[in-house]
2 protein chains.
Amino acid sequence: MAMSEQTSKHTQVLIIEDQHLMRLALIHELQAALPASIVHGAANITIALDLLESQQFDLVVIDPGLPGYDPKSQDDRFDVVQVVIELSPDAIHFVVTGSDTEEEWEHCQKLGVVGYLAKNNIRPGALVDVLQEVAERGYSVRLSNETTAPPEFYHSGLTPREQEILGWMRQRPSGISRKEIYEQLGERFDIDAASAEKYYKRARAKLLKTGLLPKGL
Amino acid sequence: MAMSEQTSKHTQVLIIEDQHLMRLALIHELQAALPASIVHGAANITIALDLLESQQFDLVVIDPGLPGYDPKSQDDRFDVVQVVIELSPDAIHFVVTGSDTEEEWEHCQKLGVVGYLAKNNIRPGALVDVLQEVAERGYSVRLSNETTAPPEFYHSGLTPREQEILGWMRQRPSGISRKEIYEQLGERFDIDAASAEKYYKRARAKLLKTGLLPKGL
DNA sequence: AAAAATAGGGACAAAGCTGTCCCTATTTTG
DNA sequence: CAAAATAGGGACAGCTTTGTCCCTATTTTT
């Protein structure tokens, strides 16, 4: 019988978050940010504690606003964080919350948390930057931040690439030519600028065919 | 110049939610639930009001916990909902919140809301049921609910189908054979039970190759 | 012991997405 | 006006995912 290789080369990640869609989104983000990782999800503290006792993790992401704890009680919130940290002393710990405060971050930091992220300040792809910042500076904080992002527009007939390119193009500041955007996108996605242009054009064509495309073209 | 067809056959949906990942997840869910829909996202109330003034919507989903409003103030939360409803009187309105209460639902109902959903009670695919319930009964309420879901396990090498099938299989109650699960899955996804079996096996093989698969096989 | 379930594969067609290259008009900008 | 940018496509190779069908051992139930 082969020995079970508990010490695999994969990064083990645990997400503790009770909101299903948010947990799935975080899992998705973490997988994208750490391609060789295995990501576990726990919808409540009971499952989380089971997992923490059964194996080691390299990174644990905690939402302290779990059911069974009084969301208005700071003590309850810190309790969750503290217990998790005690059970995974070698891991890196992030806190993700929908109601962030400067004071809570400071308290969490004393408990050993190195990442403190407001849910409304986590954009797709942002965790890459957070992880890098933690690696460089030892911590990363993103408090709540009212965004001025443009409205989004999702049409079921578009492929992910087309959605993505279109999203970027719609944020084009005035004075910047489309061509420049194509080049930026080419660099960002590591594709040809011409391909980015192609995607944009196809997306546009699809929207025209169905009869409506957003104002900013 | 062709006349712009404002009255297209597509269902127009608007999601007002400040948490980016949650907004994207909701957009995704809505597109899956309403395949012929065009879904718009607004990260704050300003964008939302712009959109509401510029066009009509058939369904508006509101998270009243937006920045700029005191999350502890019930009045502020209701204000958001009320303003949105006044600007889209012909639409159906859902409220999605991370801090739900029975009282808030009752108040929202008086304002015209027909769907009241706690964020921790929205699972992937659940909006289909919510929409159907609204169509049949006129309203749908899903208050906060502590789940007893099993731990989740996501491995980057698996395809979405494999992840999905594996997730279902891991919830198999004792006394139910795998074969029965295959049949349920076949029905649910409208594929052959044999295909479901194939996916499970391939997922299992991949996990074995990389050295670790979760306890429950 | 016979029947059913399970593990662990192979082969393959259809479809969709990605990415590249190339083309011609028309419009905008310097 | 000349040059650059833009609109609006066609063709195509490569890849992954999906879904179906088929196969042989081994284990578990009955």
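Sequence lines set the chain letters: A, B, ... in the order given, protein chains first and strands last, and positions in each chain run from 1. All of these numbers come straight from a predicted model, not from anything done at the bench.
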Polar contact flag, side-chain donor to acceptor under 3.5 angstrom, A:Y139-A:R137: yes
Length of the line joining B:E162:CD and D:dT17:C1', which is rounded to integer Å: 9 Å
Closest-nucleotide ordering on DNA chain C, the 5'-leading residue of B:I176 and B:R202: B:I176
Rounded distance in Å - CG (B:L208) to P (C:dT6): 17 Å
For nucleotides 24-30 of chain C, list the nitrogen or oxygen atoms of the protein found under 3.5 Å from its nitrogen or oxygen atoms, one pair per line.
none

Rounded distance in Å - CD1 (A:I165) to C1' (C:dC17): 13 Å
Selected nucleotide, minimal atom distance to B:P160 side chain, candidates D:dA7, D:dT18, D:dA5: D:dT18
Salt bridge present between B:R23 and A:E152 (N-O < 4.0 angstrom): yes
B:H10 versus B:S37, side-chain donor and acceptor atoms under 3.5 Å: no
Pair B:R77-B:T97, side-chain donor/acceptor within less than 3.5 Å: yes
Options D:dC21, C:dT18, D:dG19, nucleotide nearest the side-chain atoms of A:Y199: C:dT18
Quiz item: A:K201 side-chain donor-acceptor pair to D:dG9 base, under 3.5 Å: no
Per B:R178 side chain, nearest of listed nucleotides D:dG8, C:dA7, D:dT18: C:dA7
Base of D:dG9 paired with side chain of A:K198 (donor-acceptor, under 3.5 Å): yes
Below 4.0 Å: OP1/OP2 of C:dT18 and any side-chain N or O of A:T159: yes
Separation of C:dT6 C1' from B:E180 CD (nearest whole Å): 14 Å
B:E187 atom CD, over 12 foreign heavy atoms within 6.0 Å: no
A:E183 CD to D:dA5 C1', straight-line distance once rounded to whole Å: 12 Å
Donor-acceptor pair between A:Q184 and A:E180 side chains, under 3.5 angstrom: no
Contact residues, residues 185-197 of chain B to DNA chain D [heavy atom, < 4.0 Å]: B:I191, B:D192, B:S195
Sugar-phosphate, base or nothing in reach of B:K179, heavy atoms under 4.0 Å: sugar-phosphate
Shortest side-chain distance from B:Y200, nucleotide among C:dA7, D:dA7, D:dG8: C:dA7
Any donor-acceptor N or O pair under 3.5 Å, side chains A:E164, A:Y199: no
Side chain proximity check, A:D192 to A:Y182, heavy atoms < 4.5 angstrom: no
Electrostatic pair B:R142-B:E133, nearest N-O below 4.0 angstrom: yes
Whole-Å distance separating the CZ atom of A:R204 from the P atom of D:dT6: 12 Å
Distance-only polar pair, side chains of B:H40 and B:Q12, donor-acceptor under 3.5 Å: yes
Length of the line joining A:L207:CG and D:dG8:P, which is rounded to integer Å: 12 Å
